[in-house]
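Here is the naming used below: chain letters follow the sequence lines, and residue numbers restart at 1 for every chain.
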Amino acid sequence: MGQTITEKIFSEHANRRVKAGEIVRVDIDMIIGNDITTPISIRAFEESGAKSLAKSDNFSIVMDHYIPAKDIASANQAKISRDFAYKHNLKYFFDEKDMGIEHALLPEKGLVIPGDIIIGADSHTCTHGALGAFSTGMGSTDISFGMITGGNWFRVPETIKVELIGKPAKHIYGKDIILELIRQIGVDGALYKAIEFTGDGVSYLGMADRFSIANMVIEAGAKNGIFAVDNITEEYLEERARVNGGLRAEPKIYYADKDASYCQTITIDISKLSPVVAYPFLPSNGKSIEKAVADDLKIDQVMIGSCTNGRIEDLRIASEIVKGKRVAKHTRMIVTPATQKIFLQAQKEGLIDTLIDAGAVVSNPTCGACLGGYMGILGDGERCVATTNRNFVGRMGARTSEIYLANSAVAASSAIAGKISDPRDI
Amino acid sequence: MQGKVWKFGDNIDTDLIIAARYLNTSEPSELAKHIMEDADPEFVSKMSYGDIIVAGENFGCGSSREHAPIALKEAGISAVIAPTFARIFYRNAFNMGLPIFELKEVDEIEEGDTIRVDMANGEIINISKSKKYRFTPIPEFMQELVDAGGLINFAKKEIAKGEV
């Protein structure tokens with residue numbers, strides 16, 4: 001019996017052939033913490049009596065959630081990570097000087113490599129599977145175990161194969177594909193499993209789309225999402241190597257065997273998709289944009305950003321739609337580039353001017369608004385169209401507020417219309 | 001452990017367990033003041049130390065925040081029982097020492113029932129309804145971690161042996 005990509009990555013790390021269901025203990029190539037999860041890891045690390053990190057170059061802290069500090073408690077919390085980073089002379093510590101949302105920043109810096117095993121104390125760590133790595137979210141104590149020992153234990157997951165066929169039409173993006181998948185299988189449809197994305201449709205998806213897709217596999221309960229490396233991945237990596245003066249390590253590229261064993265196969269014809277809008281209060285409540293337009297949903301806020309959809313491609317899509325127009329009177333629009341590099345690139349392309357001229361406010365990179373932290377909190381009963389990943393009760397603010405998840409084109413056109421609108425009509 | 005039951009539905013996410021607006025600290029006593037707030041704003045004032053949460057499928061879905069099991073434990077929730085748990089929450093609960101149990105028959109348990117968990121025999125006993133259930137045993141490898149006193153104690157032993 002052949003192997004899936006995920007089984008191959010674990011086999012290589014375990015130095016033996018493994019299959020789904022086995023428990024393995026393996027070394028980790030990159031461990032990720034952030035300003036709100038790392039303090040708990042540091043506490044456990046110090047309690048353990050460990051004096052130094054098992055590996056000095058596999059641990060990164062990205063200060064992205066409540067940074068720049070939103071209040072005194074956040075500043076004090078951030079200090080725990082800062083002090084640890086300075087004390088241990090951490091190679092990969094990113095704060096205000098080099099800001100970005102972790103899952104956009106690390107690939108941008110060439111720190112995510114195909115074939116890696118990556119764990120992060122952030123559930124959206126699964127994003128990095130877009131580059132052919134095994135990448136999954138864990139809690140702070142598991143991260144601490146990685147800091148102390150250099151590795152961790154895993155149950156090798158069974159894999160669901162998702163075959164994407166056809167070419168997506170205009171204004172259909174990775175976001176629509178993953179919302180459609182979650183709509184089909186539900187928020188626990190992939191619990192404990194890997195999802196491997198394959199099919200001819202993948203060749204029409206750029207890295208931004210693939211990152212959005214891998215990013216949200218956790219919303220179906222998956223352990224990881226993964227794409228095989230192809231020429232689009234390679235071009236992306238070449239660019240990252242050029243910009244950063246090299247990649248963190250040499251890529252290890254794996255393809256699934258033809259006779260690999262999958263626990264389930266799902267086929268989605270992406271040429272037939274309409275933009276998908278996930279209604280409150282679960283990411284699985286996807287409806288077509290036609291239905292959302294018919295429901296005449298007036299909105300108070302539009303948020304474009306996050307580890308799901310805060311990339312330069314999203315800013316380009318949004319700018320193109322709002323160019324020369326004005327955000328509706330009773331609506332506000334917040335744009336949060338996911339990294340400083342994206343911010344600068346957008347500025348260079350004139351996108352920031354376009355967005356601000358249209359009435360958007362552009363913020364520094366942060367996870368803030370997406371998780372109801374700061375920089376775009378919703379009040380009682382307010383309704384938001386967000387390019388983020390979760391529309392749970394109270395996720396972005398008041399318990400009675402509502403979040404509709406959508407792609408960046410739907411978000412931008414909704415900001416102009418003041419209600420959920422179809423970008424294909426503009 | 002024995003306690004009074006509070007019932008919740010399917011897909012109780014980590015934002016409901018502890019909203020991110022409180023994550024500007026990881027201090028357990030601060031977090032414990034706000035558990036289940038967006039599911040039931042009165043919950044903290046209604047519950048008593050030792051109470052047990054019985055919920056539906058996929059408990060703890062969403063974020064990886066370990067603050068969720070930390071807050072539940074600190075507030076005095078003695079156990080969480082559900083048919084399935086989200087993957088990250090499942091690991092975190094073990095790592096934090098919050099007892100969780102997988103049980104298919106949660107629909108037969110009602111809010112206000114008193115239940116007891118008999119760890120040694122792998123049983124959940126509904127004292128109010130005089131019924132007994134067997135919970136799903138945890139994987140063997142996780143039992144080793146529990147026996148070692150949790151993941152960090154497991155690591156401490158390796159440090160002591162000079163293995164790391």
Side-chain angles (χ1 to χ4, degrees), chain A residues 23 36-37 39-41 43-45 47-50 54 65-66 69-74 76-77 80 120-125 136-142 144-145 148-150 153 155 186-188 191-192 218-219 221-223 281-282 284 371-374 377 390 392-395 397 399, chain B residues 10-16 19-28 30 37-39 41 56-59 61-70 83-97 139-142 144-145 150-160 163-164:
Chain A
I23 304 272
I36 65 172
T37 56
I40 301 175
S41 306
R43 200 188 296 155
F45 177 88
E47 275 172 22
S48 78
H65 279 61
Y66 292 167
K70 78 181 182 89
D71 52 26
I72 295 168
S74 303
N76 289 335
Q77 177 164 256
I80 300 170
D122 186 282
S123 60
H124 293 108
T125 303
T136 194
M138 285 189 176
S140 301
T141 302
D142 269 310
S144 187
F145 190 74
I148 298 163
T149 67
W153 69 275
R155 183 182 170 279
V187 289
D188 58 356
L191 207 55
Y192 298 93
I218 178 68
E219 313 318 333
K223 181 178 268 185
F281 291 98
L282 286 175
S284 54
L371 80 162
Y374 74 131
I377 302 294
R390 291 188 177 133
F392 299 152
V393 172
R395 169 76 179 180
R399 188 170 175 249
Chain B
D10 291 341
N11 305 314
I12 295 298
D13 60 73
T14 49
D15 283 87
L16 291 178
R21 58 183 173 273
Y22 301 117
L23 302 189
N24 54 6
T25 176
S26 59
E27 195 50 57
E30 282 303 311
E37 192 171 279
D38 284 353
E57 304 276 353
N58 200 27
F59 186 89
C61 62
S63 142
S64 68
R65 65 190 69 155
E66 206 159 283
H67 312 69
I70 290 173
T84 55
F85 289 88
R87 187 189 67 82
I88 306 175
F89 184 88
Y90 186 85
R91 274 180 90 122
N92 286 350
F94 274 90
N95 291 343
M96 268 300 117
E140 205 176 317
F141 180 74
M142 291 193 82
E144 279 176 40
L145 293 178
L151 192 63
I152 295 304
N153 281 325
F154 187 85
K156 273 186 196 168
K157 284 179 187 156
E158 292 194 343
I159 293 171
E163 287 175 5
V164 293

Next on the checklist: Is the shortest side-chain heavy-atom distance between B/P41 and A/R399 below 4.5 Å?
Outcome noted: yes
Checklist outcome for this item: Honestly, the part of A/L191 sitting under 4.5 Å from a heavy atom of chain B is side chain
Item to check | When B/I159, B/D38, B/D15 are compared by non-hydrogen pairs under 4.5 Å with chain A, the top option | outcome: B/D38
Checklist entry - Would B/L145 and A/W153 count as a side-chain contact (heavy atoms from CB on, under 4.5 Å) if you check the C-alpha gap in whole Å, the side-chain angles of each, and the deciding distance to 0.1 Å? => result CA-CA 11 Å; B/L145 293 178; A/W153 69 275; 3.4 Å; yes
Checklist entry - If you round to the nearest 0.5 Å, how far is CG of B/N95 from OG of A/S144? => result 9.5 Å
Next on the checklist: At a 4.5 Å cut-off on heavy atoms, which part of A/A54 comes close to chain B: side chain, backbone, both, or neither?
Outcome noted: neither
Next on the checklist: Quiz question: by atom type and distance under 3.5 Å, do the side chains of B/S26 and A/R43 form a donor-acceptor pair?
Outcome noted: yes
Item to check | Proximity breakdown for A/L282 and chain B, heavy-atom pairs closer than 4.5 Å | outcome: side chain
Checklist entry - So A/F145 and B/F154, would you call those rings parallel, tilted or perpendicular, with 30° and 60° as cut-offs? => result tilted
Checklist entry - Heavy-atom distance under 4.5 Å to chain B: side chain of A/I218, backbone, both or neither? => result side chain
Item to check | Partner set under ring-ring contact (aromatic ring centres under 6.0 Å, His included) for B/Y22, not counting sequence neighbours | outcome: B/H34
Checklist entry - Are A/H65 and B/L23 close enough that some pair of their side-chain heavy atoms sits under 4.5 Å apart? => result no
Next on the checklist: Between B/E66 and A/T37, is there a side-chain donor-acceptor contact under 3.5 Å, judged purely by atom types and distance?
Outcome noted: no
Next on the checklist: Any donor-acceptor pair under 3.5 Å linking the side-chain atoms of B/N11 with those of A/D188?
Outcome noted: no
Checklist outcome for this item: Honestly, the part of A/D71 sitting under 4.5 Å from a heavy atom of chain B is side chain
Next on the checklist: At a 4.5 Å cut-off on heavy atoms, which part of A/Y192 comes close to chain B: side chain, backbone, both, or neither?
Outcome noted: both
Checklist entry - Regarding B/S63 and A/R390, is there a side-chain donor-to-acceptor distance under 3.5 Å anywhere? => result no
Checklist entry - What part of A/I36 is in contact with chain B, defined as an atom under 4.5 angstrom from a non-hydrogen atom: side chain, backbone, both or neither? => result both
Checklist entry - Would you find a donor on one side and an acceptor on the other, under 3.5 Å apart, between the side chain of B/R65 and the backbone of A/A121? => result no
Item to check | Heavy-atom pair of closest approach, residues B/N24 and A/S74 | outcome: CB-OG, 3.3 Å
Checklist outcome for this item: Ranking B/T25, B/D10, B/T14, B/I70 by heavy-atom pairs under 4.5 Å to chain A gives rank one to B/T25
